[in-house]
Amino acid sequence: QVQLVESGGGLVQAGGSLRLSCAASGRTFSNYAMGWFRQAPGKGREFVAHISRSGSSTYYSDSVKGRFTISRDNAKNTASLQMNTLQPVDTAVYYCAAASGPFSVATGVGFDYWGQGTQVTVSS
């Protein structure tokens, strides 16, 4: 089992920044690729970004590319999402997830463990 706990959400004005953190416990953190997803009110879950086990490879959705940066610290068992130039459309509950094997960013299938989520609200 892997336990994931997100933190860092909050209310920010458009154009502002937030940094989300995901603290992992349980099994060896470096064995898992990490992803961030979000879900806005009334909408389905949306992929945001993922990072490889070593941190050498990252991938972003088009909607956040150039504004968000995913990173990880395997020594501290944490993954982070730096979010800059936030816009009201970024308002959502943000979830981190861990995948031990193949996964789909379109569906989230393959991500074995999920956090409880942290709310990000961007005001205009």
Side-chain angles (χ1 to χ4, degrees):
Q1 289 284 343
V2 175
Q3 292 78 42
L4 303 173
V5 179
E6 302 96 335
S7 61
L11 174 64
V12 64
Q13 290 188 332
S17 298
L18 280 176
R19 185 177 181 88
L20 305 184
S21 293
C22 175
S25 62
R27 298 188 176 178
T28 305
F29 181 65
S30 59
N31 287 345
Y32 295 85
M34 297 299 295
W36 285 94
F37 291 78
R38 66 187 181 185
Q39 187 164 17
K43 295 188 175 182
R45 185 173 60 197
E46 177 190 14
F47 165 75
V48 175
H50 75 75
I51 188 167
S52 62
R53 293 173 179 80
S54 66
S56 62
S57 177
T58 59
Y59 182 75
Y60 299 90
S61 68
D62 288 343
S63 61
V64 308
K65 195 176 300 181
R67 300 187 299 124
F68 290 12
T69 303
I70 189 171
S71 61
R72 68 188 295 159
D73 186 336
N74 287 345
K76 295 183 178 180
N77 292 350
T78 60
S80 299
L81 185 69
Q82 177 67 41
M83 305 185 296
N84 298 329
T85 321
L86 283 161
Q87 300 300 320
V89 294
D90 295 316
T91 295
V93 178
Y94 283 71
Y95 300 89
C96 67
S100 61
F103 55 84
S104 167
V105 299
T107 64
V109 171
F111 283 92
D112 310 291
Y113 303 100
W114 295 78
Q116 84 290 348
T118 185
Q119 176 70 49
V120 171
T121 303
V122 185
S123 63
S124 57

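Note that these values count all heavy atoms, side chains included, but never hydrogens, waters or copies made by symmetry.
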Output every pair passing salt bridge (Lys or Arg N to Asp or Glu O under 4.0 Å) with a member in residues 93-104, not counting sequence neighbours, ordered by first then second residue.
-> none
Residues pairing under salt bridge (Lys or Arg N to Asp or Glu O under 4.0 Å) where one sits in residues 51-61, two or more places apart or in two chains, turn out to be none
side-chain hydrogen bond (donor to acceptor under 3.5 Å, both in side chains) partners of [X], counting only residues at least two apart:
X    : answer
S30  : none
S71  : none
S124 : none
S123 : none

Between F47 and F103, is there a shared hydrophobic cluster once you connect ILVMFWY residues whose side-chain heavy atoms come closer than 4.5 Å?
->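 Per the 4.5 Å side-chain linkage, F47 and F103 are co-clustered.
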For residues [X] and [Y], determine if any side-chain heavy atom of one lies less than 4.5 Å from a side-chain heavy atom of the other.
X   : Y    : value
C22 : W36  : yes
V2  : D112 : no
F29 : M34  : yes

Nearest heavy-atom pair of F111 and A99: which atoms, and what distance?
->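 Distance-wise, the nearest heavy atoms are CD2-CB, 3.7 Å.
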Can you name the nearest heavy-atom pair linking N74 to S54, along with the distance?
-> ND2-CA, 4.3 Å
F37 vs W114 aromatic rings, parallel, tilted or perpendicular, using cut-offs 30° and 60°?
->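 Aromatic pair F37/W114 classed tilted.
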Ring geometry between Y59 and H50 (parallel below 30°, tilted from 30 to 60°, perpendicular above 60°) = tilted
Salt bridge (charged side-chain N to carboxylate O under 4.0 Å, His left out) with K43: which residues, sequence neighbours excluded?
->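 Partners of K43 under the salt bridge (charged side-chain N to carboxylate O under 4.0 Å, His left out) test: none.
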State the [atom1]-[atom2] distance between [X] and [Y], to the nearest 0.5 angstrom.
X    : Y   : atom1 : atom2 : result
Q119 : E6  : CD    : CD    : 12.0 Å
F68  : T58 : CZ    : OG1   : 14.0 Å
R72  : S21 : CZ    : OG    : 13.5 Å

Who are the side-chain contact (heavy atoms from CB on, under 4.5 Å) partners of S57, not counting sequence neighbours?
-> S52
Kindly write out the residues that satisfy side-chain contact (heavy atoms from CB on, under 4.5 Å) with N31, not counting sequence neighbours, or none if the list is empty.
-> T28
Members sharing V109's hydrophobic cluster (side chains within less than 4.5 Å) = none
Can you sort out the partners of Y60 under ring pair (Phe, Tyr, Trp, His ring centres under 6.0 Å), two or more places apart, ordered by chain and number?
->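 With sequence neighbours excluded, Y60 shows a ring pair (Phe, Tyr, Trp, His ring centres under 6.0 Å) to no residue whatsoever.
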Judged by atom type as modelled, is there a donor-acceptor pair below 3.5 Å linking the side chain of T121 to the main-chain atoms of L11?
->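 Side chain of T121 to backbone of L11, a donor-acceptor pair under 3.5 Å: no, none is there.
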Around R45, counting heavy atoms of other residues, nucleotides and ligands shown, do more than 12 lie under 6.0 Å from its CZ?
-> yes
Donor-acceptor contacts under 3.5 Å from residues 77-97 side chains, at least two apart:
from : atom 1 : to   : atom 2 : distance (Å)
Q82  : OE1    : R19  : NH1    : 3.2
Q82  : NE2    : N84  : OD1    : 2.9
N84  : OD1    : S17  : OG     : 2.9
Q87  : NE2    : T85  : O      : 3.4
D90  : OD1    : R38  : NH1    : 2.9
D90  : OD1    : R67  : NH2    : 3.0
D90  : OD2    : R67  : NH1    : 2.8
D90  : OD2    : R67  : NH2    : 3.4
D90  : OD2    : Q87  : N      : 2.8
T91  : OG1    : P88  : O      : 3.0
T91  : OG1    : V122 : N      : 2.9
T91  : OG1    : V122 : O      : 3.4
Y94  : OH     : R38  : NH1    : 2.9
Y94  : OH     : D90  : O      : 2.6

